[in-house]
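Written out below as structure tokens is the structure these notes cover.
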Amino acid sequence: MEGASFGAGRAGAGFDPIEFLKQPQTILRIASWVFSIVVFGSIINEGYVNIDSPQLHCVYNRNDDACNYAIAIGIIAFFACVLFIIMDINFPQISSVKDRKRAVMLDMGFSGLWSFFWFVCFCFLANQWQRTPKMPEVDQAADAARAAIAFSFFSIISWFAPGTNAGYPGYPTGSGIESTETYQSPPFTENADISPKGYQAPSY
């Protein structure tokens, strides 16, 4: 039946906030949301320092691209987490099988892509931090710089897990193949009358 596919049989179910918050995927969403705040918040607040000039430079080897990339990825991830949490809440209310498929594919595709972007961010920041010369100005922002690197790494895991999670809220695990009832004729019996109705065999 179509209504049983992709969790559609649960459409219209009541929302339980406690059970929703206990779901592993919800915990990962919130963790990803917090991690993104740490990354872009650390860089915006303490990631720019004065190095031999009154102009502010990115603490990562004076490479503004490193700071800009991490901030952009973090801010987009922040809003994406909010949107995906809203989608998770409303997912059981979606009755269309096609819409449920699109929602799941969107989640898997975006999560995989952003996990890759976080991997690039982690490698980029770590590489530039290793090349950063040791200076008093840099030491003041060292904690923030290391925090951004660390939580970029954590974000790789937190974003990768939802994309590969088969237990989507309201989305049943299994093959997802619809089970249909097929017509089956009754089994033949020895005493079954195979003669057409109203026809009598001639007697010789």
Side-chain angles (χ1 to χ4, degrees), residues 6 20-21 23-49 51 55-91 94 98-133 138 140-171 173 176:
F6 292 91
F20 177 76
L21 293 175
Q23 293 176 355
Q25 182 157 301
T26 303
I27 296 173
L28 288 172
R29 301 274 198 219
I30 296 174
S32 298
W33 182 73
V34 174
F35 295 165
S36 66
I37 295 175
V38 174
V39 173
F40 75 78
S42 298
I43 296 176
I44 290 176
N45 292 329
E46 301 181 38
Y48 292 90
V49 295
I51 302 177
Q55 184 179 359
L56 292 174
H57 295 280
C58 177
V59 71
Y60 296 101
N61 197 29
R62 300 188 185 183
N63 191 338
D64 291 338
D65 291 337
C67 287
N68 293 337
Y69 180 84
I71 291 173
I73 294 299
I75 292 177
I76 295 174
F78 172 85
F79 289 107
C81 287
V82 175
L83 293 176
F84 277 119
I85 289 175
I86 295 174
M87 186 179 74
D88 291 344
I89 294 174
N90 291 280
F91 190 84
I94 303 175
K98 292 183 179 180
D99 290 342
R100 285 174 173 248
K101 288 181 181 179
R102 294 191 186 101
V104 173
M105 294 303 294
L106 175 63
D107 182 11
M108 295 178 63
F110 189 90
S111 297
L113 180 64
W114 232 249
S115 180
F116 171 75
F117 284 164
W118 278 121
F119 173 76
V120 174
C121 182
F122 167 74
C123 295
F124 193 9
L125 295 183
N127 177 265
Q128 293 301 306
W129 180 245
Q130 289 179 347
R131 299 182 179 184
T132 303
V138 173
Q140 294 176 1
D143 291 339
R146 295 190 185 99
I149 295 173
F151 282 92
S152 294
F153 177 78
F154 297 152
S155 296
I156 300 172
I157 303 172
S158 65
W159 275 95
F160 180 76
T164 58
N165 184 16
Y168 199 90
Y171 185 93
T173 57

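Position 1 is the first residue of the sequence, and the numbers go up from there.
Shortest non-hydrogen contact noted between Leu21 and Ile27 is O-CG1, 3.6 Å. A pairwise comparison of heavy atoms in Ser42 and Ala147 identifies OG-CB, 4.2 Å as the closest pair. Taking all atoms of both residues into account, the shortest heavy-atom contact from Ala141 to Val59 is CB-CG2, 3.9 Å. Considering every non-hydrogen atom in both Ala77 and Ser36, the closest pair reads CB-CB, 4.0 Å. In terms of heavy-atom proximity, Ile71 sits nearest to Tyr48 at CD1-OH, 3.9 Å.
Between Val104 and Met108 there is a side-chain heavy-atom pair separated by less than 4.5 Å. Annotation: side chain of Arg62 is not in contact with side chain of Pro133 (no heavy-atom distance under 4.5 Å). Contact annotation: the side chain of Asp107 approaches that of Gln25 to within less than 4.5 Å [non-hydrogen atoms, C-beta and beyond]. Proximity of Val39 to Phe78: side-chain heavy atoms (C-beta onward) are nowhere separated by under 4.5 Å.
The SG atom of Cys67 lies 10.5 Å from the CG atom of Leu56; values are rounded to the nearest 0.5 Å. Between the OG atom in Ser111 and the CG atom in Leu106 there is a gap of 8.5 Å [rounded to 0.5 Å]. Here CG of Asn127 is found 9.5 Å from CG of Asn63. Values are rounded to the nearest 0.5 Å. We find the CZ-CD1 distance between Arg29 and Ile86 to be 11.5 Å, quoted to the nearest 0.5 Å.
Ring planes of Trp159 and Phe84: perpendicular class, angle over 60° (limits at 30 and 60°).
A distance-only check finds a donor-acceptor pair linking the side chain of Tyr60 to the backbone of Ala145 [under 3.5 Å]. The backbone N or O of Phe20 lies less than 3.5 Å from a partner atom in the side chain of Thr26, making a donor-acceptor pair.
In the displayed structure, Phe153 atom CZ is contacted under 6.0 Å by at most 12 heavy atoms of other residues, nucleotides or ligands.
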Residues 114-125, side-chain donor-acceptor partners within the protein, below 3.5 Å, at least two apart:
residue, atom, partner, partner atom, Å
Trp114, NE1, Ile73, O, 3.3
Ser115, OG, Ile156, O, 3.0

